[in-house]
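Down below is the structure, laid out as structure tokens.
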Amino acid sequence: QVLLVESGGGLVQAGGSLRLSCAVPGRTFSTYSMGWFRQAPGKERDIVAAISWSGLSTYYADSVKDRFTISRDNAKNTVYLQMNSLKPEDTAVYYCAASSRVYLPKYLDGYDYWGQGTQVTVSS
């Protein structure tokens, strides 16, 4: 079992910024592709961004392109999601996920391990 621990959520005004972190203790972090998903009340859990094990490949949902940036530090076993120009529609619980697939997954079933989630609330 792989443990994922998210942090950095909170309440922010529209137009503001937050940075989410996801720590993955252990020696295997650098072998996983990592993803950030979000789930708003009454809606499905959707991908926000993903990054390959090397950091060389990334993917962003259209709704967050040019506003959010995913990055990773394999020396610190941590993946980040920098969120700028936040909008009320970005309000959701954000989940970190790890994948052992050789490709960069863009869907829920491509991920093997999940964090507990962190709440992000953007006020108008």
Side-chain angles (χ1 to χ4, degrees):
Q1 187 69 17
V2 176
L3 178 66
L4 287 73
V5 182
E6 299 120 332
S7 60
L11 173 64
V12 65
Q13 289 188 333
S17 298
L18 282 175
R19 188 176 81 156
L20 305 183
S21 299
C22 175
V24 186
R27 300 180 179 180
T28 58
F29 174 75
S30 62
T31 67
Y32 291 111
S33 292
M34 301 296 297
W36 285 98
F37 288 74
R38 67 185 181 188
Q39 187 168 20
K43 295 189 176 181
E44 295 183 348
R45 189 175 300 187
D46 293 322
I47 193 166
V48 175
I51 188 167
S52 63
W53 66 269
S54 65
L56 295 179
S57 295
T58 57
Y59 169 81
Y60 295 94
D62 288 343
S63 58
V64 305
K65 279 181 182 176
D66 300 324
R67 299 190 298 124
F68 290 11
T69 302
I70 189 170
S71 61
R72 67 188 297 159
D73 186 337
N74 286 347
K76 295 183 178 180
N77 285 13
T78 302
V79 61
Y80 305 97
L81 184 68
Q82 178 66 44
M83 306 185 293
N84 298 330
S85 302
L86 283 161
K87 305 175 181 179
E89 51 263 44
D90 294 319
T91 294
V93 177
Y94 283 70
Y95 297 90
C96 173
S99 172
S100 58
R101 308 296 192 274
V102 296
Y103 57 92
L104 185 58
K106 301 177 179 64
Y107 301 99
L108 281 171
D109 58 5
Y111 290 83
D112 306 296
Y113 306 103
W114 293 85
Q116 80 285 356
T118 185
Q119 176 71 46
V120 171
T121 303
V122 185
S123 63
S124 57

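The first residue in the sequence is number 1, and the count goes up from there. Note that this is a predicted model, so its numbers are computed, not measured.
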ask   = Any side-chain heavy atom of Lys87 within less than 4.5 Å of one from Val122?
value = no
key: All side-chain hydrogen bond (donor to acceptor under 3.5 Å, both in side chains) counterparts of Asn84, not counting sequence neighbours   = Ser17, Gln82
ask   = What pairs with Asp46 under side chain to side chain contact (heavy atoms under 4.5 Å, CB included), at least two apart in sequence or on another chain?
value = Glu44
ask   = How many angstroms lie between atom SG of Cys96 and atom CE of Met34, to the nearest 0.5 angstrom?
value = 3.5 Å
key: Separation between OG of Ser30 and CG of Asp73, rounded to the nearest 0.5 Å   = 11.5 Å
ask   = Hey, is the main chain of Val24 close enough, under 3.5 Å, to the side chain of Asn77 for a donor-acceptor pair?
value = yes
query = Tracing side-chain links under 4.5 Å among I, L, V, M, F, W and Y, which residues wind up in one group with Val102?
reply = Tyr103
inquiry  = Is it the case that the side chain of Ser99 and the backbone of Gly110 share a donor-acceptor pair, with hydrogens and angles ignored and the cut-off at 3.5 Å?
reply    = yes
query = How far does CG of Leu20 sit from OH of Tyr94, to the nearest 0.5 angstrom?
reply = 7.5 Å
ask   = By side chain to side chain contact (heavy atoms under 4.5 Å, CB included), which residues pair with Gln116, not counting sequence neighbours?
value = Glu6
request  = Quick one: list whatever passes side chain to side chain contact (heavy atoms under 4.5 Å, CB included) with Thr28, sequence neighbours left out.
outcome  = Thr31, Tyr32
request  = Start with the C-alpha distance between Leu18 and Leu86, add both sets of side-chain angles, then the distance that settles side-chain contact (heavy atoms from CB on, under 4.5 Å), and finish with yes or no.
outcome  = CA-CA 8 Å; Leu18 282 175; Leu86 283 161; 4.2 Å; yes
ask   = Do Val120 and Thr91 come within less than 4.5 Å of each other through their side chains, counting heavy atoms only?
value = no
ask   = Got a sec, which residues hit side chain to side chain contact (heavy atoms under 4.5 Å, CB included) with Trp114, two or more places apart in sequence or on another chain?
value = Phe37, Arg45, Tyr95, Ala97, Leu108, Tyr111
message = Test: salt bridge (Lys or Arg N to Asp or Glu O under 4.0 Å). Region: residues 113-124. Which pairs qualify, not counting sequence neighbours?
response = none
key: Reported CH2-to-OG distance for the pair Trp53 and Ser33, which is rounded to 0.5 angstrom   = 9.5 Å
ask   = If Ile, Leu, Val, Met, Phe, Trp and Tyr residues are connected whenever their side-chain heavy atoms lie under 4.5 Å apart, and connections chain through other members, are Ile51 and Tyr113 in the same group?
value = yes
With a 3.5 Å cut-off and sequence neighbours excluded, list the donor-acceptor pairs that the side chains of residues 56-70 form with protein atoms.
{"residue": "Tyr60", "atom": "OH", "partner": "Ile70", "partner atom": "N", "Å": "2.9"}
{"residue": "Asp62", "atom": "OD1", "partner": "Lys65", "partner atom": "NZ", "Å": "3.2"}
{"residue": "Ser63", "atom": "OG", "partner": "Arg38", "partner atom": "NH2", "Å": "3.4"}
{"residue": "Arg67", "atom": "NH1", "partner": "Ser85", "partner atom": "O", "Å": "3.0"}
{"residue": "Arg67", "atom": "NH1", "partner": "Asp90", "partner atom": "OD2", "Å": "2.8"}
{"residue": "Arg67", "atom": "NH2", "partner": "Ser63", "partner atom": "O", "Å": "2.9"}
{"residue": "Arg67", "atom": "NH2", "partner": "Asp90", "partner atom": "OD1", "Å": "3.0"}
{"residue": "Arg67", "atom": "NH2", "partner": "Asp90", "partner atom": "OD2", "Å": "3.4"}

Any pair counted as salt bridge (Lys or Arg N to Asp or Glu O under 4.0 Å), so long as it reaches residues 11-31, sequence neighbours left out = none
key: Transitive ILVMFWY cluster of Tyr107, excluding itself - 4.5 Å side-chain cut-off   = none
inquiry  = Do Thr118 and Val93 have side chains that approach each other closer than 4.5 Å (heavy atoms only, starting at C-beta)?
reply    = no
inquiry  = A side-chain contact here means heavy atoms from C-beta on lying under 4.5 Å apart; do Arg72 and Tyr80 qualify?
reply    = no
message = Could you list the cluster mates of Val5? Members are the ILVMFWY residues connected by side-chain heavy atoms closer than 4.5 Å, either directly or through other members.
response = Leu3
task = Would you kindly confirm whether Val12 and Trp36 end up in one hydrophobic cluster when ILVMFWY residues are joined by side chain heavy atoms under 4.5 Å apart?
result = yes
message = For residues 96-112, which residue pairs pass the salt bridge (Lys or Arg N to Asp or Glu O under 4.0 Å) check, not counting sequence neighbours?
response = Arg101-Asp112
